[in-house]
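Only one structure is covered here, and it is reproduced in the block below.
Only heavy atoms go into these numbers, but all of them, side chains included; no hydrogens, no water, no symmetry mates. Here the structure is a predicted model, which is why all the values come from computation and not from measurement.
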Amino acid sequence: MSQYESEAAPAASKAWRFPSTYTVLIVITVVVWLLTWIIPAGHYQTQDGRPVAGSFQVAASPLSAHQRVKELFLAPVNGLYGIENAAGFVGPYESGSVFGAIGVFFYVLSLGAFIVTTTKTGAIDACLGHVAQRFRRRGGLLIAMVMLLIAIGGSTYGMGEETLGFYALLVPLLLGLGFDRMTAVGVILVGSVVGNMNSTVNPFMTGAASAGAGVPMGSGIGLRFIMFLALTGLAIAYVVIYARRVQRNAAHSVVGFTDEDRELAQARLQLPQPMTGRQKAVMAAFAATFAFMIFAIIPWAQVIVGPQAASWPWQLDWYFPELTALFLVMSVVTGWLGGLRGNNLFNAMLAGIADFMGAALVIVLARGITVIMHNAQITDTVLHSMESVVSGASSGLFAVIMYLIIMPLSFLVPSSSGLATLAMPVLAPIADFAGVGREIVVTAYQGSVGAIAMISPTSAIVMSGLALAKVSYPRYLMWVLPLLAMLAVATCLFLVVGAALS
């Protein structure tokens, strides 16, 4: 599961602990519900499903006091499978189109089954161990290869907490090659976060944000892929340059070397065994699944010809229902290839569903908040208050504004999918006023959330990773801030160019 879905990391002191994601969302639910009694209802005129700038009008509240109380009570239910009727009201007994997050909910659970089943075969750990073994005599290349693999995992399926097990493997290995513990943190933690902040098809980032913005998950994937290559390359270069400085002169290490480090370096723990045939087959199926997924979700004709082009005959145009089925089927396939049979296979799938249930529930709670705003008809009122901020702003300035607006929100809601489900329905339509594609808001959201996640003291992947690597948070913060500044500037530049071309 992505680190952005995690609960707050255990605090060093028991005096205070940052509220969990669920607590935050429940509090926001109540606050937003109370605001529906104060904020006036209103609506925009729409054209092709998008609000028309300057057409906002205040309207009478559509809900009675009794209905308002019922809205709070049914918020989680509507967040899961609420149906929007022809009049625009969302409820569990209506007839119309699905408004709840049930599609994303089951997609996340099926992905959990796929990821955990593949992990339980041992193939992912063996793959990283094989890369480490093959490139152990070329330290810089080893760092680049492992970091790239972890970043790809972050970009495709939100690899985050799964990386915590890599510290036991990489810390002794890198110490033995003359590097320090901060190098291991850079490879694992920075690699994971950079991959997530430049997600291509990550369901917790791209999937949830695209669903909230009302755009296909493949929309904007070209820009995100280029950003992934450029920003991951920048992060790898930063870590490799630092690592080589430490290797040449131990005095350049920001964390130093302890007696334990020297003992581990001398021991050079035995490297993992080469990958078995089963593990290679599992990894081939694992990679093929994500490659096919990317092919299936990209709107090829609309990307190549234009937004209004008709889909080509071979174009699949898959969305969450088809992707859910794909991951469930491939869970069985990868488990079978990895030697899991019968109850062992299905127990692995159930364990994956259980592991990802928390992330799925976050999406449901966040969507429930959206339903409360929608039924009270205050969403357009909030949009109207923001319309003046972007009116007259250039497309590039708008993209940067979105990037900056999302940063403080990500502190408040530390779940990437929860924040996407909560904020995208409000923020994405603002792009219509600025004449910018909504996929730019999705990309800005990813970069902004990733930037905060790299340094957040409430992130389990950050604090747990530093604890496993035995690196203090202040030293990590001082080491990573220059990289974070470079990534932020590069992200903003990409957003400006992408907004101009959207």
With sequence neighbours excluded, tell me which residues meet ring-ring contact (aromatic ring centres under 6.0 Å, His included) with Tyr403. none
Contacts of Val240 meeting side-chain contact (heavy atoms from CB on, under 4.5 Å) (sequence neighbours excluded), chain-then-number -> Ile143, Ile236, Arg244
Testing the basics here: between Ser395 and Val436, what is the closest heavy-atom pair and its distance to 0.1 Å? CB-CG2, 3.6 Å
Pairs involving residues 77-88, ordered by first then second residue, that meet side chain to side chain donor-acceptor pair (under 3.5 Å) (sequence neighbours left out): Glu84-His374, Asn85-Glu94
Show which side-chain atoms of residues 25-37 pair as donor or acceptor with protein atoms under 3.5 Å away, not counting sequence neighbours.
residue: Thr29; atom: OG1; partner: Leu25; partner atom: O; Å: 2.7
residue: Trp33; atom: NE1; partner: Arg68; partner atom: O; Å: 2.7
residue: Thr36; atom: OG1; partner: Trp33; partner atom: O; Å: 2.4

I'd like to know whether Val480 forms a side chain to side chain contact (heavy atoms under 4.5 Å, CB included) with Met454, so could you lay out the CA-CA distance, the side-chain angles of the two residues, the decisive distance to 0.1 Å, and finally the verdict. CA-CA 8 Å; Val480 81; Met454 190 174 288; 3.7 Å; yes
With Tyr242 via ring-ring contact (aromatic ring centres under 6.0 Å, His included) - residues at least two apart: Trp479
Tell me, please, which residues at least two apart from Asn375 pass side-chain hydrogen bond (donor to acceptor under 3.5 Å, both in side chains). Glu71
Who passes side-chain hydrogen bond (donor to acceptor under 3.5 Å, both in side chains) against Thr370, sequence neighbours left out? none
4.5 Å side-chain heavy-atom contact, Ser155 and Asn198: no
Set of residues satisfying side-chain contact (heavy atoms from CB on, under 4.5 Å) with respect to Ser95, sequence neighbours excluded: none
With Phe320, which residues qualify under ring-ring contact (aromatic ring centres under 6.0 Å, His included), at least two apart? Tyr107
Output side-chain donor-acceptor pairs under 3.5 Å for residues 220-229, partner residues at least two apart or in another chain, one line each.
residue: Arg224; atom: NE; partner: Ser199; partner atom: O; Å: 3.4
residue: Arg224; atom: NH1; partner: Ser219; partner atom: O; Å: 3.0
residue: Arg224; atom: NH2; partner: Met217; partner atom: O; Å: 2.9
residue: Arg224; atom: NH2; partner: Ser219; partner atom: O; Å: 3.2

By side-chain contact (heavy atoms from CB on, under 4.5 Å), Val471 pairs with (sequence neighbours left out) Arg181, Met182, Val185, Val255, Leu466, Ala469, Tyr476
Quick one: side-chain contact (heavy atoms from CB on, under 4.5 Å) partners of Phe295, sequence neighbours excluded? Phe292, Trp300, Trp314, Leu316
